[in-house]
Amino acid sequence: MFSIFKKRKPKDNNEENEIEADIDDPGMVDISTNSTTHTSDTTLDLGNKDSGPCRPILTEYKKIKFGTQQRSFRSQWYNECDWLEYSVQRNAAFCFVCRTFGSENSGENIWIKSGFNNWQKFLVKSKKHSSTSTHLTNLSKMCAYKSSLKTGSVVTQLSSAHKKQVEINRKYMSSLIDVVLYLAKQGISFRGHNENLDSLNQGTFIMLLFINKINIFL
């Protein structure tokens, strides 16, 4: 009857640390305690717009226990997912496209902030992520960014086209002015009797423009 006054023996801390990774949790697994965790630390060893995705190829990656098996990241996954990058510091996979070109509050945080390392479900989860509308939108943003590096932005292209047109117009006006000054200096009449397109003699002014390959009808 006095057993109710007995003190309960405190749990050994080692028992708490022996909890295995939840194999059904698609999130990040903390290797030190084998419990799931989600962090928002962005100071990772990952790539940027200039360097591209970080893809270290190691002889051996850190392993995580799933049930009775040890699993780790595989470098061949790079070939299956061109958006994939890996953080050695976090031992987790990230989506370079969504992390770099997506908004902070869009997409799946597991691929952007905390990282994915449920390796036994990687193929299924990565395929699912690749088909999401958010990922596809961010992918189009990345393609547009790469295109702008080669041809310039839309504003730059419009500005270049405008400058080119201004240069053409200046040459055109300069040629017209030269012809006008020449005829005025020589006292020659500009117009002919028939200035139609099918006329054999459209007048001195038009004929001089034709000789100098200047299109008066632009």
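All values reported here derive from a predicted model rather than from experimental measurement. The first residue of the sequence shown is numbered 1, and numbering continues consecutively from there.
With sequence neighbours left out, Tyr182 forms a ring-ring contact (aromatic ring centres under 6.0 Å, His included) with no residue at all. Not counting sequence neighbours, Gln70 has no partner by the side chain to side chain donor-acceptor pair (under 3.5 Å) test. By the ring-ring contact (aromatic ring centres under 6.0 Å, His included) test, Phe94 is found to be paired with no residue, residues two or more places apart in sequence or in another chain being considered. Not counting sequence neighbours, the partners of Asp50 by the side chain to side chain contact (heavy atoms under 4.5 Å, CB included) test are Asn48, Tyr145. Every residue was checked against the side chain to side chain donor-acceptor pair (under 3.5 Å) condition with Asp82, not counting sequence neighbours, and none meets it. Listed by chain and residue number, nothing satisfies the side chain to side chain donor-acceptor pair (under 3.5 Å) test with Glu60 (two or more places apart in sequence, or in another chain). With sequence neighbours left out, the side chain to side chain donor-acceptor pair (under 3.5 Å) criterion links Ser130 to Trp83. Taking the side chain to side chain contact (heavy atoms under 4.5 Å, CB included) definition, one finds that Val180 meets it with Phe190, Phe205, sequence neighbours left out. A search for side chain to side chain contact (heavy atoms under 4.5 Å, CB included) contacts involving Leu123 returns Trp77, Glu80, not counting sequence neighbours.
Cluster annotation: Phe73 is not connected to Val124 through the hydrophobic network of ILVMFWY side chains, with a link wherever side-chain heavy atoms come within less than 4.5 Å. Residues Ile168 and Leu176 fall into different hydrophobic clusters, defined by Ile, Leu, Val, Met, Phe, Trp and Tyr side chains chained together at heavy-atom separations under 4.5 Å. Both Met173 and Val179 belong to a single network of hydrophobic side chains, linked directly or stepwise wherever heavy atoms of I, L, V, M, F, W or Y lie under 4.5 Å apart.
In this structure, the separation between OG1 on Thr132 and CH2 on Trp111 is 10.5 Å, given to the nearest 0.5 Å. Rounding to the nearest 0.5 angstrom, the gap separating the NE2 atom in His129 from the CZ atom in Phe122 is 10.0 Å. Note that NZ of Lys49 is 8.0 Å distant from OG1 of Thr100, once rounded to the nearest 0.5 Å. To the nearest 0.5 angstrom, Ile110 atom CD1 is 13.0 Å from Cys98 atom SG. Once rounded to the nearest 0.5 Å, the distance linking SG of Cys81 with CZ of Phe96 reads 15.0 Å. Rounding to the nearest 0.5 Å gives a distance of 8.0 Å between CD1 of Ile64 and CG of Asn118.
The two residues Leu58 and Val88 have their closest heavy-atom pair at CD1-CG2, 4.2 Å. Annotation for Leu84 and Arg55: closest pair O-NE, 2.8 Å, computed over non-hydrogen atoms. Nearest heavy atom pair, residue Ser114 against residue Ala92, reads O-CB, 4.4 Å. Annotation for Glu85 and Pro53: closest pair OE1-CA, 3.5 Å, computed over non-hydrogen atoms. Between Gln89 and Asp45, the closest heavy-atom pair is N-OD2, 3.2 Å. Shortest non-hydrogen contact noted between Cys54 and Gly47 is CB-N, 3.7 Å.
A donor-acceptor pair under 3.5 Å is absent between the side-chain atoms of Arg74 and the main chain of Trp119, judged by distance alone. The main-chain N or O of Lys128 is found under 3.5 Å from a side-chain atom of Ser131 such that the two form a donor-acceptor pair.
By the 4.5 Å heavy-atom criterion applied to side chains, Ser72 and Lys62 are not counted as neighbours. Residues Met142 and Leu139 are in side-chain contact: their nearest non-hydrogen atoms beyond the backbone lie under 4.5 Å apart.
Taking Ile, Leu, Val, Met, Phe, Trp and Tyr as hydrophobic and joining them when side-chain heavy atoms fall under 4.5 Å apart, one finds Leu181 in a cluster with Ile177. In this structure, Val166 shares a hydrophobic cluster with no other residue, the cluster being traced through Ile, Leu, Val, Met, Phe, Trp and Tyr side chains under 4.5 angstrom apart.
Screening residues 167-186 for salt bridge (charged side-chain N to carboxylate O under 4.0 Å, His left out) gives Glu167-Lys171 as the qualifying pairs, with residues at least two apart or on separate chains.
Gln69 and Arg71 share a donor-acceptor pair across their side chains, judged by distance under 3.5 Å alone.
Taking the six-membered ring wherever Trp is involved, the centroid distance between the rings of Tyr78 and Tyr86 does not fall below 6.0 Å.
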